[in-house]
Amino acid sequence: MNRSRRFRFGVRAGAIALAATLGCAGVIVATSREMPRWDVTAWGDQGLSARALRALERVPGPCRLVLAGPWSAPEGTPGVPGRAAQREVFDLLREMDRAHGPFAFTPVDTLSPEGQATYMDVLKGLAARDQAQVGAWQGALDRASLTLEEGAAALGSWSPVFEQARDALPGGADADAARKAFDMRAGVVRILASQARQRRAEARTRGEAQVGGVPVGALDDAAGMLRAALTRLDADLASLEGDLGASATGTLPGEARARVEAIAGAIGPLRERMRLGADELARLTRPDVLRVARLLERGPAAIIIGPPELGLTAISLDALFPPGAEDVTGGSLRRHAEDVVTTALGTLVNPDAPIVVLMHAEGSASLLESGAMNAMRARLELRRVTFVEWPVTQRPAMPVLSAADPDGRRPVVYVALGTDASSGIGQDAGLSGPARAAALGRALHLVVDAGKPLLVSLAPSPAPSWGGTDDAAAVLGDFGLRADSGRPILGLTQTPQGAQVDATMRVQALEGEHAVLGAVKGLPTVLRWCLPLSTLPGHDDVMRVPAIEVARAGAWAEAEWLGLWRFFAQQRVEAAAGAGLPTPNEGVDDLRGPWTVAYFAERRLRDGVNQRLVVVGANGWFFDSQTLPSVTEDGRTVLANPGNSEFFDASISWLAGQDDLIAPGPAARAVARVRPMSEGRQRLLGWLIIAGLPLAILGLGVVVRVARR
């Protein structure tokens, strides 16, 4: 009997073990296909950012990312990311694959025969997919090539005519110069005809050359060569047309004169065909497959194949795995890759990227070329944003943007930098600070009167101290806002060395329903020389939302700030201590904080269009000097002021009317959000671990015992 009981218990135990094994196997199989993941880290490294999820949701159909490269190469192979870097990026892309059904990630190892075959199939598929566009390009090239051949044929037929005209001239020394001229014309048109045919043949050969392994010819190169040949031939014909005046035919007999005059009359229509052919080539839009092929020509790349209505795009491996990627730690490579891939997806779903017009009153100096905002510029140019500089003191009229936007479809956002109105004669423009501020103010009024979206950064102005007006801030009145630009906010800090005054404010965006506020929620931001902003009475038709507030203890808005401003600029410091520093002065300074230093505003114009404004009472806050500093937290290197770049990025999207592209990015997860627990909570958690778990197990046992009875 004991044996029978032991046997039954053994069978039951085996059945339980088998069931548990099968259950675990089932879970493994299920999760290998649909792997649920919960990000419980304080940093959020294991989850996608809201911006990435938003970009994935906007993809309307099947989208495939093919990441081809020599992934099986030995560790340390030059030009190949290390295993750790590959793992971080591959994990991210698999997470994106799991997060959104239509998005698929396909890694391809080009060192294996199977991978090479798969890669070639992908490239062939790209060419087949854009066959219609490629065919349209080829048709335009064929027409341009035929036009060039017509020009060459006409030139070739004119050579004997000029020779006949030469022979028809009367003898004698008086006609020698005319005979030489016609002889030269005959030789010139023969040479021009030969050159045109040679350029046509070179363009055809180039158009048949494969690009980047994709079975499509270098159509863009061929188009450029044909366009240059047509333009050159047009210029040569213009020169010949001017040469064939009345003086060239005046001494010719009737028949020869008629034939030469026929050539002169044929030049005009022929030139028109040359210009039309060149213009058609200039208006061609390069097919996505050719753009991707050009990138592949420079090296391996991740190819993103969207639905037919969205097209294709690609990311170079250098952009996905930046130099030194194998040395990164703490998830920074993952965040970088997520930002790059999300940006690429955004370019697919939003082909009409904004144009940012950077306004400033710094004379002829180029802020874009100075490198002051290289990081922000590169970040937005990844999204196909185009930057145009507008030095308002040099060019008072609004810039013409037809070169950047021939069809007029792209939204245009104006970004105005404040100017130092306290300075003397400008080194470049020859204008004083007040004159530059006045020029900036006039330009800002042009933008506002034209109904364009505008981001304004303000700098302190001494004008209010003598009863004047800050021209650069006056435009805010149209939106029911005003800036106290004569009293920037300073902070007083007590240190072991004594009192210290600075103008640097560490802030965070306010809580609110505004799309931009949601994207920058909780992100540290730094602003320098902040100016208080406030609303004007009335203007009930304008939506005004406060964005950033300074609530620092020991801060005040200082009226006599100019000396400290100049001291900071000359000494290149951000704080000062010692005698002679400004101090809060009741009745003159503003001591009643907190102060709002940024606003969103929106008003409805007469034509029914909404005009948007973002104003920040600080200057240079999106320059590299304030967006790139980093700090080390818990062994991780993160941006010290991620809110600066995120606020600028989101503001550009909001001003462009692309609200659906605004969402927290990867940088928002690089900031620790879990505050240290209080001592009481730590003690409670300790007792729960020490006593709570055993008591819970004991209680569960009691419940089971009672249930069995």
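- Using modelled atom types, one finds no donor on one side chain facing an acceptor on the other under 3.5 Å when comparing Gln626 with Asn641.
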Give the table of side-chain donor-acceptor pairs shorter than 3.5 Å for residues 535-554, with sequence neighbours excluded, one pair per line with atom names and distance.
| residue | atom | partner | partner atom | Å |
| --- | --- | --- | --- | --- |
| Arg544 | NH1 | Gly480 | O | 2.7 |
| Arg544 | NH1 | Leu536 | O | 3.1 |
| Arg544 | NH2 | Gly538 | O | 3.2 |
| Arg552 | NH1 | Asp502 | OD1 | 3.0 |
| Arg552 | NH1 | Thr504 | O | 3.1 |
| Arg552 | NH2 | Thr493 | OG1 | 2.9 |
| Arg552 | NH2 | Asp502 | OD2 | 2.8 |

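- Contact detail for Ile489 and Ala555: the closest heavy-atom pair is CG2-CB, 4.1 Å.
- Of the possible polar contacts, none joining the Asp589 side chain to the Leu591 backbone as a donor-acceptor pair under 3.5 Å is found.
- Val385 places none of its side-chain heavy atoms less than 4.5 Å from the side chain of Ile355.
- To the nearest 0.5 Å, atoms CG (Leu345) and CE (Met96) are separated by 5.0 Å.
- Here the closest heavy-atom approach between residue Ala601 and residue Trp654 is recorded as O-CH2, 3.6 Å.
- Leu458 places a side-chain heavy atom less than 4.5 Å from the side chain of Val615.
- Under the 4.5 Å side-chain criterion, counting only non-hydrogen atoms from C-beta, Pro453 is not in contact with Pro411.
- Interatomic distance, Gln570 CD to Trp565 CH2, rounded to the nearest 0.5 Å: 12.5 Å.
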Give the intermediate values and the outcome of side chain to side chain donor-acceptor pair (under 3.5 Å) for residues Trp595 and Asp590. CA-CA 10 Å; Trp595 301 269; Asp590 182 3; 3.0 Å; yes
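- Within the 3.5 Å criterion, the main-chain N or O of Leu401 finds no donor-acceptor partner in the side chain of Asp405.
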Candidate pair Leu613 and Leu481, rule side-chain contact (heavy atoms from CB on, under 4.5 Å), full reasoning: CA-CA 11 Å; Leu613 169 79; Leu481 298 170; 4.2 Å; yes
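- Only one option out of Val520, Leu380, Thr627 pairs with Phe648 in a side chain to side chain contact (heavy atoms under 4.5 Å, CB included); it is Leu380.
- Gln508 and Thr525 share no donor-acceptor pair across their side chains, judged by distance under 3.5 Å alone.
- Here the shortest heavy-atom pairing between Pro532 and Cys530 reads CD-O, 4.1 Å.
- Side-chain atoms of Thr386 and Arg410 include a donor-acceptor pair closer than 3.5 Å.
- Annotation: side chain of Pro524 is in contact with side chain of Pro642 (closest heavy-atom distance under 4.5 Å).
- Comment: Asp659 engages Arg612 in a salt bridge, judged by a side-chain N to carboxylate O separation of less than 4.0 angstrom.
- Side-chain atoms of Thr419 never come within 3.5 Å of backbone atoms of Ala421 as a donor-acceptor pair (strictly under, hydrogens ignored).
- The minimum heavy-atom distance linking Gln611 with Val448 is given by the pair NE2-O, 3.1 Å.
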Decide yes or no on side-chain contact (heavy atoms from CB on, under 4.5 Å) for Asn644 and Phe622, but give the supporting numbers first. CA-CA 6 Å; Asn644 289 56; Phe622 50 84; 5.9 Å; no
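- Residues Pro399 and Val357 are in side-chain contact: their nearest non-hydrogen atoms beyond the backbone lie under 4.5 Å apart.
- Separating the CG atom in Leu655 from the NZ atom in Lys452 is a distance of 13.0 Å, to the nearest 0.5 Å.
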For Val388 and Leu358, what are the C-alpha separation, side-chain angles and deciding distance, and is it a side-chain contact (heavy atoms from CB on, under 4.5 Å)? CA-CA 6 Å; Val388 176; Leu358 186 65; over 6 Å; no
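- Applying the 6.0 Å contact sphere to CD of Glu586 captures no more than 12 heavy atoms from other residues, nucleotides or ligands.
- Separation of the Trp390 and His360 ring centroids does not fall under the 6.0 Å cut-off.
- Taking the side chain as every heavy atom from C-beta outward, Ser422 and Pro462 approach each other to under 4.5 Å.
- Tyr414 is not listed as a side-chain neighbour of Val456, based on a closest heavy-atom distance of 4.5 Å or more.
- To the nearest 0.5 Å, atom CZ of residue Arg604 and atom CZ of residue Arg606 are 14.5 Å apart.
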Trace of the side-chain contact (heavy atoms from CB on, under 4.5 Å) decision for Leu476 with Asp478: CA-CA 5 Å; Leu476 302 182; Asp478 292 349; over 6 Å; no
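- The shortest non-hydrogen separation linking Ser651 to Val614 is OG-CG1, 4.1 Å.
- Taking CG from Leu533 and CG from Asp484, the interatomic distance works out to 9.0 Å, rounded to the nearest 0.5 Å.
- The CG atom of Leu56 lies 7.0 Å from the CG atom of Leu48; values are rounded to the nearest 0.5 Å.
- Checked for salt-bridge contact, Glu558 and Arg487 miss the test: no charged N lies under 4.0 Å from a carboxylate O.
- Counting heavy atoms from C-beta outward, Leu628 and Phe623 have side chains that stay 4.5 Å or more apart.
- Minimum heavy-atom separation, Leu444 to Met359: CD2-CE, 3.8 Å.
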